[in-house]
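First listed ligand is number 1; within each ligand, the first listed atom is number 1. Reckoned from all heavy atoms, side chains included, excluding hydrogens, waters and symmetry mates.
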Amino acid sequence: MAALVVRVVRELLKRVDFATAPRRHRHKKKWATTEPKFPATRLALQNFDMTYSVQFGDLWPSIRVSLLSEQKYGALVNNFATWDHVIADLEQLSARDFVNEAFSHWELGPESDQPTVPVPTPASWACSPNLRCFTFAKGDVSRFPHARLSSLGVLDYYLMDAASLLPVLALGLQPGDTVLDLCAAPGGKTLALLQTGCCRNLAANDLSTSRTGRLQKVLHSYVPEDIRDGNRVRVTSWDGRKWGELEGDTYDRVLVDVPCTTDRHSLHEEENNIFQRSRKKERQMLPLLQVQLLAAGLLATKPGGYVVYSTCSLSHLQNEYVVQGTIELLANQYSIEVRVEDLTYFRKLFMDTFFFFPSCQMGELVIPNLMANFGPMYFCKLCRLT
Ligand SMILES: C[S@@+](CC[C@H](N)C(=O)[O-])C[C@H]1O[C@@H](n2cnc3c(N)ncnc32)[C@H](O)[C@@H]1O
């Protein structure tokens, strides 16, 4: 086992680019003079080193090296394709469906060290159903081949950071739900929401029209026409902050997957990097935008309905602080009471696949690790009580 770990770490370290701008070098440079003096990727790393070394202490070096290394993917099986041969093909690669494996282990009987918090029994009842996502085991850094077109004309699986499925699982969709995906593009989580088969109708929104274009492409490639073009899926490009005024008290379930510092992306890509000097103000304003979006999502939810807030950042200023701030805002300005749901059982349920940060005050955080290089992904489930 120890030898295996050493081999995997060595293999991964070969793929690490300590200069933090790996993909830049794959393209032939046109003009040396166009090279930014301080690449945004480097500014991002400096920023993370300053803030996350304090926030995560001894854990930071291992998170850091993982963020700089190649990330792992999961293959979300497309239930709209003919999937029996896909599952056989994925199993042939030694990948396994981490969602259903976790449920069946749990239901076989949780061990004595399982959480003392009340756990939904069976655990799968509290999670959105019908999701199948294959991953390679911890320490296995194999890659999935490209998805293929099934006989029904849609692709057979969607490659995504498997941790991105956790907010959708946590939303706990029920058959017949009306669902809002407030910041939906490019659409990985929208697709997962549709895979549950629970959406009576789904509103998928994103402010950016170019990104809703990408979302439409994903829907075209994975969802049959009758579902896509009927009344069941509505794609819009509105400012999500206004949703509370547009459609208040309307939805059973709302996903608020906000714009954030996209920590992994910011260490690897110059393009569209929020650490560019010109975007400093925008970066500083992110927590405010996140609070406004989460508040709008909660206002759009029916009393008794649920919201999941998520980011792909490690920053507690963008995670717990935003949740806390929004709860206070709704109480003070709208007299709306919101309860944070306990998701600690997710840590136990999915411990074979992900590494979770052990000390989140509210919500859960998947931290990147060389043995399971998913995330970061923060998610917190809220119930609108009044
Ligand atoms: C993290 S991404 C969403 C990823 C998406 N949920 C997925 O799984 O593919 C955040 C998105 O928020 C969008 N956005 C930014 N400001 C917004 C706003 N005011 N209203 C709605 N969407 C916004 C961005 O265009 C971006 O596509």
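- Scanning for ring pair (Phe, Tyr, Trp, His ring centres under 6.0 Å) contacts around H265 gives an empty result, with sequence neighbours left out.
- When each of Y309, Y306, F346 is checked for a ring-ring contact (aromatic ring centres under 6.0 Å, His included) with F379, only F346 meets the rule.
- Cluster partners of L317, by chain and number: Y321. The rule joins Ile, Leu, Val, Met, Phe, Trp and Tyr whenever side-chain heavy atoms lie under 4.5 Å apart.
- Ordered by chain and residue number, the residues placing a heavy atom less than 4.0 Å from ligand 1 are L182, C183, A184, A185, P186, G187, G188, K189, N205, D206, L207, S208, R211, W238, D239, G240, R241, D257, V258, P259, L293.
- For the side chain to side chain donor-acceptor pair (under 3.5 Å) test, no residue two or more places apart in sequence or in another chain qualifies with T262.
- Looking at E337 and R339, no side-chain N of the basic residue comes within less than 4.0 Å of a carboxylate O on the acidic one, giving no salt bridge.
- Between E282 and R279, at least one side-chain nitrogen of the basic residue sits less than 4.0 Å from a carboxylate oxygen of the acidic one, meeting the salt-bridge criterion.
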